[in-house]
Amino acid sequence: MAETLPKGYEPQDVETRWRKHWEENKTFTPDPEAPGEPYAIVIPPPNVTGALHIGHALNLTLIDVLCRHARQKGKNVLWIPGTDHAGISTQHVVERALAKEGKNRRDLGRTAFVERVWAWRDEYGHRILDQISAMGASVDWTRLRFTMDEGLSAAVRKVFVRLYQEGLIYKGKYIINWCSRCHTALADDEVEHEPHRGQLWKVRYPLGDGTGHITVATTRPETIPGDTAVCVHPEDERYASLIGKTALVPVLGREIPIIADSYVDREFGTGALKVTPCHDHNDWNLGQKHHLEFLQVIDENGVMTDDAGSYAGLSKDACRQKIVDDIQAAGLLEDVEELDHAVGHCYRCHTVVEPHVSTQWFVAATKLAPVAREAVPALTQIFPETWLKTYYHWLDTIRDWCISRQIWWGHRIPAWTCKDCGELIVAEQAPETCPQCAGHNLKQEEDVLDTWFSSALWPFSTLGWPENTRDVQRWYPTTVLVTGFDILFFWVARMMMMGLHFMGKPPFGHVYLHALVRDAQGHKMSKSAGNGIDPREMIAKYGCDALRFTLTAFAAMGRDIRLSEDRIEGYRHFINKLWNAARFALMNLPENAPRPVNLETVSELHHQWLLHRLEMVKCDMDRALEEYRFNDAAQLGYKFLWNEFCDWYLELIKPDMQSDDRRRNTAQYVLWLSLREILVLLHPIIPFVTAEIWAALPVPAGSTATDLALEPYPRQRPACQRPTEAAHMEFLQNTIVAVRTIKAELGISPGHKASLILHPVDAAQNALLEENRSCIVTLARLETLTIDATAPAPRASASAVVDGCQVIVPLKGMVDLHAELARLDKELAKVENDLVLTNKKLHNESFMSRAPADVVNRERERAEKLLDAKDKMLKLRARFAEALEDDGQSSSCEVPQKP
RNA sequence: GGGCAGUUAGCUCAGUUGGUAGAGCAUCGCCUUCACACGGCGGGGGUCACAGGUUCAAGUCCUGUACUGCCCACCA
């Protein structure tokens, strides 16, 4: 007997050991010169501030499944791990820590603050890395990257300079989204619009000529001091006479023009719009178009400026209150109504975002977008396809990307201004002197770049670009990007733009967008809602493999995952099942691998069946993974292992293990080999338990156990595909099930050894049953088995029909005979019902003439079988009914019944 | 306002090119069978949201309706 495994599977110990083994052996560090088709995936870099959450767990699991599978298929696989500096988030975290010491970043100054953030990263940044490792991710730790590494920073500077030189990066004064809490500009997609119940104030603006007033509607009265026009629709008859006249800003009394623009919606509010170019994106556009005055009345801290006149110095909220009061006092407030509308919030801190005019840096995304659009699907395919439209729509309506951030943590913009002559210098390295005036008085831009700027370069910067490294040559473009759809715009689209622009090729061949993990009620998991499932806790409780299997099994393309703890617990049972199947194998295998037998000539039906099924699963599982059908792959493995391998095959070979040497050796060899192949198939999904079992299984004398992580995908064995024999085995299984059902439904104790009489339909069936007599006896738990179409059967017998074979269980004295009658009638009703349906089809002329021949034939065969079964069952029932009458109710019970 | 999903067994979900609905969990009954009670065997449970249409045949294709969820968006 081979060495045994511990009785219970203990994931913690096993996982720690294998993680260490793989890391120490650099198992997942590929050689660019190695053979094999290159296969590369970049990790969506988690924030250094982050802790592993369930979304990461899903992402890492799916990527790992793909990478491990690709390795099995002989590909040269590179999975680069890394983290993102996450500018605003990380700065927040460190600022919060500072606040506890009663300090803020300005107390430290820029240099000291940035040093402090680095120190923080060095201390805590590894936590997320440990957690990536805890998920079993087969990443190459020797190539670990961070977006602010020197290499990646060099890539950032190079990209910035080139885009600037090409006119694709520019600096200018524009209206942007301003978070007064973070004190920085935000990109358009960093603003989240949330529904908000607000008020709509209708305010009278007296006409400049004193002939009356025009009423405008606004949700933001605090911006009234910044109004520089009133705008109406050019075809709005109500206001036609006012166009070209002037109005007076309420309370302040400043005179502003009344202009016309078709942008105005006549239906909304009063049909008259106040224009505040510095505090609204649309008004900004109107201001440009109509050459209006630009008055900034709210500053970057949310305080009213001097241009706000008497409101200067007030916070914008206080100003709103005061100006509404003043307007009302002046008798100019016509109406106030409730209004539901969307208000922009900062995606990081949720503060209301203020449109703000300031000087910022922009990437001309409008110019880069078309190429990224055309690359899909020609060069890059998106899965699932439903995201295509979303991708296109975003690129089609894109605006230039504001990339400067007024924070300190990040890639500082490589631009300098000469204080002497005002020259702007953009360069990869700090210039010594001003190229214009040779002055030394140069000052670098204070701003840093948007975090997503460096993320956009990730697929090539992590490979060593701008150096032309072997890694770049070998692994760019990467094979597939696996990420959540929530960062399709932030990240995927921008990587497409940058990759195409700088590398001439899109950064990945495929994009697989996976779902969001939600709670059991379908809500997004979040810390604040307290409904999150912490993967670290789940790993500790159920083991990493259970978590991974659950996530994989639920990862159906295009659907969100509703996760709850009991589902993970459920799949832990599967891990345990596998473990115990392995324990069984080890108890029945010799110390060294069993002597090989020729699998193609194995004669026993159960081996042929198992080997056939194994071929099918190997093929189906491979295809499922190639097509990103993770859930299908998991289900295939689950069903095959549990319902076929464990439920049937292990039971079928138990007698073999007590048999003569030849039979035992054959069973041992097929068991050993099939279990090994199953382990390979399951390994991408559940790497730890499979590796552990693999290592425990015997190997041929003289050799040592290999690492399952390096084992190739099992090759196909076409000669083992035996559909005919497999169908025969299924017939035997159905026969056994029929006996079990009879026993269960008649209340016969499963332990009772019944007698069974089989009336085969023909000689072939007779031979088949005879050859497999022992397996029927064992699995149906029989006392005696008679296989003979002419064998007399007691009338008082329970019966069934399987593929024409009559299955007869003599009830000797008496079980509950009425129960058998009821059971028979139920079966009969089922058959009859099916027969009616089938015949209906066969008598339908349209069906007979229009349906394809093979479909018609199938229906005919079905009808024949059903009819045969019906006849036989009717006869059996008639005999049984007679017995029932003869017997009366009084017979004693010779068969043990349940209590 | 636009776009995209979803609606199938009590719950969570599968269902590939149209051919008489599947799984897990839950439930019910039986079983201390020597790998596993995190187990075994067997059973019950669905007019596939609704209304039309195409077809010999629709959970599957088309149209519309109703809910639910998500994304995008400049009605102030």
Side-chain angles (χ1 to χ4, degrees), chain A residues 4-5 7-9 189 193 200 216-220 223 231 263-270 272-276 280-286 339 341-342 384 386-387 389-390 393-394 397 485-486 488-489 516 518 520 522-524 542 546 553-554 556 558-564 566-567 569-588 623-624 627 629 631-632 635 638-639 643 646-647 650-651 654 737 740-745 747-751 781 833-834 837-838 841 844-852 854-856 858-859 862 898-899:
Chain A
T4 54
L5 291 167
K7 170 124 177 148
Y9 175 57
D189 51 12
H193 294 271
L200 185 68
V216 306
T218 180
T219 55
R220 303 198 56 206
T223 64
C231 189
Y263 158 74
V264 174
D265 179 354
R266 277 169 283 185
E267 306 299 316
F268 187 86
T270 60
L273 169 72
K274 72 183 208 54
V275 184
T276 321
D280 185 280
H281 288 96
N282 307 304
D283 293 8
W284 167 268
N285 293 335
L286 284 174
L339 180 74
H341 62 128
T386 52
W387 290 103
K389 269 195 179 176
T390 312
H393 181 255
W394 189 76
T397 57
F485 62 75
D486 51 327
L488 177 61
F489 308 137
L516 243 48
R518 300 175 183 280
H523 300 123
K524 205 167 171 171
Y542 306 108
F554 280 106
R559 274 188 88 128
D560 282 346
I561 296 174
R562 293 194 183 195
L563 193 69
S564 65
D566 57 342
R567 275 160 221 164
E569 194 183 349
Y571 280 116
R572 179 188 53 166
H573 299 177
F574 174 72
I575 308 297
N576 193 251
K577 188 73 179 176
L578 173 61
W579 183 256
N580 278 292
R583 287 184 62 230
F584 170 83
L586 285 169
M587 291 168 77
N588 287 284
R623 202 166 52 218
E627 294 170 4
R629 289 181 288 112
N631 57 324
D632 286 346
Q635 286 308 321
Y638 185 100
K639 285 186 183 169
N643 302 124
C646 290
D647 288 351
L650 295 187
E651 297 303 323
K654 278 177 182 175
V737 167
R740 287 173 177 168
T741 306
I742 286 171
K743 280 191 180 183
E745 299 213 326
I748 301 170
S749 165
R781 306 187 116 226
N833 192 41
D834 284 357
L837 281 173
T838 310
K841 247 185 197 179
N844 181 333
E845 273 181 36
S846 303
F847 174 76
M848 296 303 284
S849 58
R850 302 199 196 192
D854 60 319
V855 174
V856 174
R858 212 166 19 181
E859 291 300 317
R862 193 206 304 258
K898 62 190 179 195

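So that the names make sense, note that chain A is the first sequence line, chain B the second, and so on, each numbered from 1. All values below come from the heavy atoms of this structure, side chains included, with hydrogens, waters and symmetry mates left out.
- With C36(B), G19(B), A76(B) as the candidates, the nucleotide lying closest to the side chain of R583(A) is C36(B).
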Pull out every protein N or O sitting under 3.5 Å from an N or O of nucleotides 1-3 of chain B, one pair per line with the distance.
none

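- No donor-acceptor pair closer than 3.5 Å links the side chain of N576(A) to the backbone N or O of R572(A).
- For U20(B), the OP1/OP2 oxygens have a side-chain nitrogen or oxygen of R862(A) closer than 4.0 Å.
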How does protein reach along nucleotides 39-44 of chain B, written 5' to 3' as B (base within reach of a heavy atom under 4.0 Å), S (only sugar-phosphate), or - (no contact)? SSSSSS
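- Not a single side chain to side chain contact (heavy atoms under 4.5 Å, CB included) links N285(A) to another residue, sequence neighbours left out.
- In this view, D566(A) and S564(A) satisfy the side chain to side chain donor-acceptor pair (under 3.5 Å) rule, not counting sequence neighbours.
- Checked against salt bridge (Lys or Arg N to Asp or Glu O under 4.0 Å), R220(A) has the following partners two or more places apart in sequence or in another chain: E222(A), E354(A).
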Given K274(A) and T276(A), is the side chain to side chain donor-acceptor pair (under 3.5 Å) satisfied, shown in steps? CA-CA 7 Å; K274(A) 72 183 208 54; T276(A) 321; 2.8 Å; yes
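- By the salt bridge (Lys or Arg N to Asp or Glu O under 4.0 Å) test, K654(A) is found to be paired with E651(A), residues two or more places apart in sequence or in another chain being considered.
- Judged as a side chain to side chain contact (heavy atoms under 4.5 Å, CB included), and not counting sequence neighbours, the contacts of V855(A) are F847(A), P852(A), R858(A).
- Residues meeting the side chain to side chain contact (heavy atoms under 4.5 Å, CB included) test with F554(A), sequence neighbours left out: T550(A), I561(A), R567(A), Y571(A).
- Atom C1' of G10(B) sits at a distance of 22 Å from the matching atom of G69(B), rounded to the whole Å.
- Within the nucleic acid shown, L650(A) comes within 4.0 Å of at least one base atom, counting heavy atoms only.
- Considering only side-chain atoms of F268(A), the nucleotide from C75(B), A35(B), C56(B) that sits closest is C75(B).
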Dot-bracket for RNA chain B, 5' to 3', with Watson-Crick and G-U pairs under 3.5 Å, [ ] for crossing pairs and | for other-strand pairs: what is it? (((((((..((((.....[..)))).(((((.......))))).....(((((..]....))))))))))))....
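- Which of A35(B), A76(B), C38(B) sits closest to the side chain of H341(A) comes down to A76(B).
- If you check every strand for non-hydrogen atoms under 4.0 Å, R220(A) touches nothing.
- Remark: R623(A) pairs with C619(A), D620(A), E627(A), R629(A) by the side chain to side chain contact (heavy atoms under 4.5 Å, CB included) rule, at least two apart or across chains.
- For N833(A), there are no side chain to side chain donor-acceptor pair (under 3.5 Å) partners, not counting sequence neighbours.
- Qualifying salt bridge (Lys or Arg N to Asp or Glu O under 4.0 Å) partners for K841(A), counting only residues two or more places apart in sequence or in other chains: E859(A).
- Counting any heavy atom pair closer than 4.0 Å across all strands shown, Y638(A) reaches sugar-phosphate atoms only and no base atom.
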